[in-house]
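These notes concern the structure reproduced below.
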Amino acid sequence: MSAETPIRVVGTAGHVDHGKSTLIRALTGIDPDRLREERERGMTIDLGFAWLTLPGGADVGIVDVPGHQDFIRNMLAGVGGIDAVILVVAADEGVMPQTREHLAILELLGVERGVVALTKRDLVDDEWAALVRAEVRAALAATPLKDAPMVEVSATSRQGIAALVASLEIVLGAAPPRRDVDRPRLPIDRAFTMIGFGTVVTGTLVDGTLSVGEEVELVPSGLRGRIRGLQTHRRAIDSARPGSRVAANLTGIDKEAIARGMVLSHPGTIASTTAFGARLSLLHGVSGPLDHDDAVRVHSGTAEAIARASVLEGGPISPGGSAWVQLRLATPMAVAVGDRFVIRRPSPSETLGGGTVADASGERARSRGDALAALARRSAPAPADRLLASFDVPRTVAEAGERSGLDAGERDGAFASLVADGRAIVLADAAVGRETFEALAGRVERTIAMTHRKTPLRAGASREEVRSALDLAPKRYAALIARLVADGRIVERGSALALPSHRPSLTSDQEAKWARARAALDREPLQPPGAGLLQREFGIDLELLVAIAERGDVVRVGDDGVFLPDAVLRFGDTIIDALHAGPITVAKARDLTGSSRKHVLPLLQFLDDLGLTRRVGDDRVLIHDPATSHDQLRRSIQRVPAHKGESA
């Protein structure tokens, strides 16, 4: 078998004692009844497994399921991963109750291909066989198997066995390839210990490839181990492909820690959930409606769990009806968006209906209306719409794709479309839908506006102040702010964020205080009163001083220095001209400017900080030529924009 040959799995279905296991033995030469009790009683209790190679070379795994109503739970664990079904109907009995229940389960699980095997044909005459064929066609008329080929067989005489294999090959040849989204899942249906090997688990692999040597995680337990070896149909393989029956030999996980229903996966690629949302449809023939908060048994893959059904719309769901529900699980299950499930009434046992998982996040909605709207979006027919629903909060494309049940190709194409038409906005490593982006932008603008109202003298809100209202990761927050600045919705003023319309404004009383303080600063421009004295004598507190500095009326130098801009310019021009002739000391700068050492020291440091001068020992030296230094000083003090090609 080549690497391109599809690997298929088929399952049996049908009423108890209609010859499913006997037919499998005739097809494959393998006895699927592995339990001694099964062989002694002649009745399949648990899942059995066999395989055959079709004439065209394709390998087919066969899952033999029990037909008795007492073992429907085991039947459900076996048919979740199959490509087609062999529906077995005994020619001497015809369609029976379990035949109909199995048909309903197959339809709920999306099994749309199969072959009907009329077994025990050697026990009836032609007339009786014709009646049974008509009865079967009538039973299949309203199901996806209505056009399934029907083959009359006898396992004992081998009548029709070759025809059954040929029909099976045709049906499987029309089946679509198994998807590979690089997220392998092996729902476990058996776990046992082999002498010399250790722990072995089996299942039907979906959604990706498993390889020898890989680390794996057991979900929901979280235990981790490594794949020691892989087999399919008792052949050792290096890698197992989606759709194949797989036996995985594990190291690092004991058999006692494993149970049917657990899932083997790459670490961190799938999480268990205690609640999932879906559109639930009830079968027409069920005994009664499903009420809100009814207890049900949920079956998905090989797992099962008791759950409470939260009906999110209308009243009880009537037989044949459907509604959005959230199933709250008593024990965690590993399910993914797009997985099929079946629900049964625990007592008396009855298959009620099923559906497809639309949301496996486990999040509880604030209201039924919110839950309904979210589920409707997440089950939209277009991939782009489903992906957009998962960008209700910032998520990576991979995370959103997983929540949406999209493979990599669908996901990437849908994302490119969403970004191109503006329905999704990229924020660093994540993205959000336009609606969510507008909500985040609104919170930013409201936070800044509130700061403007509370402290109108401030240039704006600090970045951290705004971020605390959003709870975004740093790089996503930075990307959001950059986008809002680029769109002109907010502006950056130093380290503050402000609305474009905001201008710090002084009251008439504050303007009067500033006029008096300004006169004091102007009396001795290079030996002015400090910030502390301005507050004590003129009422210029720190907030007011910051506002005055923001509008350019003063220059703050050091911790306490407050100078008028013209004074700083005169000081700087004097020092630059003096340095053109050579280095100068602090004492020389004091004498040149008529200031004091107390004021000269922070002013010289101010020139150092602007990159105009540099301290060398006890001297100051000029870094640039005088013309450049004078120009840079003015632009720094007067906030004149830098010339093109220069930095401010």
Side-chain angles (χ1 to χ4, degrees), residues 1-14 19-34 44 47-65 78-88 111-119 148-180 184 186 189-190 194 200-206 209-212 229-249:
M1 184 182 66
S2 70
E4 288 74 29
T5 305
I7 299 175
R8 300 300 189 185
V9 178
V10 300
T12 62
K20 293 187 293 297
S21 299
T22 304
L23 178 63
I24 299 308
R25 282 194 293 273
L27 280 169
T28 67
I30 299 169
D31 188 349
D33 287 338
R34 56 189 176 83
T44 300
L47 302 175
F49 305 95
W51 60 90
L52 80 160
T53 301
L54 296 175
D59 275 355
V60 177
I62 300 178
V63 182
D64 186 33
V65 305
V79 296
I82 65 176
D83 296 287
V85 65
I86 302 175
L87 178 66
V88 177
V111 179
E112 300 179 342
R113 292 173 177 80
V115 179
V116 181
L118 288 181
T119 58
M150 192 179 303
V151 183
E152 298 177 5
V153 299
S154 168
T156 54
S157 69
R158 297 195 62 78
Q159 171 191 346
I161 294 297
L164 179 61
V165 171
S167 294
L168 193 60
E169 186 165 40
I170 292 171
V171 167
L172 290 175
R178 289 299 189 101
R179 72 172 192 169
D180 187 343
L186 186 70
D189 48 42
R190 280 194 300 167
M194 289 187 66
V200 177
V201 297
T202 67
T204 301
L205 183 62
V206 297
T209 298
L210 287 177
S211 300
V212 173
L230 291 169
Q231 283 192 0
T232 184
H233 307 160
R234 293 186 181 171
R235 292 197 311 269
I237 53 176
D238 293 325
S239 294
R241 290 186 282 146
S244 56
R245 284 291 307 171
V246 176
N249 180 201

Notebook entry, point to check: Within a strict 4.5 Å, meaning less than it, do heavy atoms of the Ile161 and Leu23 side chains meet?
Noted result: yes
Next item on the list: Grab the two heavy atoms, one from Val116 and one from Ala148, that are nearest each other, plus how far apart they are.
Entry: CG2-CB, 4.3 Å
Next item on the list: Considering non-hydrogen atoms only, spot the tightest contact between Ala117 and Val153 and give its length.
Entry: CB-CG2, 4.4 Å
Margin query: Are Val63 and Phe49 packed together at the side-chain level, in the sense that at least one heavy-atom pair is separated by less than 4.5 angstrom?
Written below: yes
Next item on the list: Starting at CD of Gln231, measure out to CG of Asn249 and round the result to the nearest 0.5 Å.
Entry: 8.5 Å
Notebook entry, point to check: Can you name the nearest heavy-atom pair linking Val212 to Gly229, along with the distance?
Noted result: CG2-CA, 4.1 Å
Item checked: Ionic contact status for Arg178 with Asp83, cut-off 4.0 Å -> yes
Margin query: So, taking the atom named CG in Leu52 and the one named CD1 in Ile30, what distance separates them when rounded to the nearest 0.5 Å?
Written below: 8.5 Å
Next item on the list: In sequence, state the C-alpha distance, the side-chain angles, and the governing distance for Arg235 and Thr232, and then conclude on side-chain hydrogen bond (donor to acceptor under 3.5 Å, both in side chains).
Entry: CA-CA 5 Å; Arg235 292 197 311 269; Thr232 184; 5.7 Å; no
Next item on the list: Evaluate the side-chain proximity of Ile86 to Val88: yes if any heavy-atom separation is below 4.5 Å, no if none is.
Entry: yes
Note to self: Under the criterion side-chain hydrogen bond (donor to acceptor under 3.5 Å, both in side chains), I'd like the reasoning laid out for Ser211 against Asp238: C-alpha separation, chi angles, the key distance, then a yes or no.
What the structure shows: CA-CA 6 Å; Ser211 300; Asp238 293 325; over 6 Å; no
Notebook entry, point to check: For Arg113, what residues pass the salt bridge (Lys or Arg N to Asp or Glu O under 4.0 Å) criterion, not counting sequence neighbours?
Noted result: none
Next item on the list: Would you indicate whether the side-chain heavy atoms of Leu27 and Val165 approach each other to under 4.5 Å?
Entry: yes
Check: Which atom pair, heavy atoms only, marks the closest approach of Lys20 to Gly14?
Finding: NZ-O, 3.1 Å
Check: Are any of the side-chain heavy atoms of Arg245 and Asp59 separated by less than 4.5 Å?
Finding: no
Notebook entry, point to check: Do the side chains of Val246 and Leu230 get nearer than 4.5 Å, heavy atoms only?
Noted result: yes
Check: When rounded to the nearest 0.5 angstrom, what distance separates OG in Ser167 from CE in Met150?
Finding: 11.0 Å
Check: Any side-chain heavy-atom pair from Ile82 and Val10 closer than 4.5 angstrom?
Finding: no
Next item on the list: Find the distance between CG (Leu210) and CG (Leu205) and round it off to the nearest 0.5 Å.
Entry: 5.0 Å
Margin query: Is any side-chain heavy atom of Pro184 closer than 4.5 Å to one of Thr209?
Written below: no
Note to self: To check you understand the geometry: which heavy-atom pair defines the closest contact between Gly203 and Asp189, and what is its length?
What the structure shows: CA-OD2, 3.5 Å
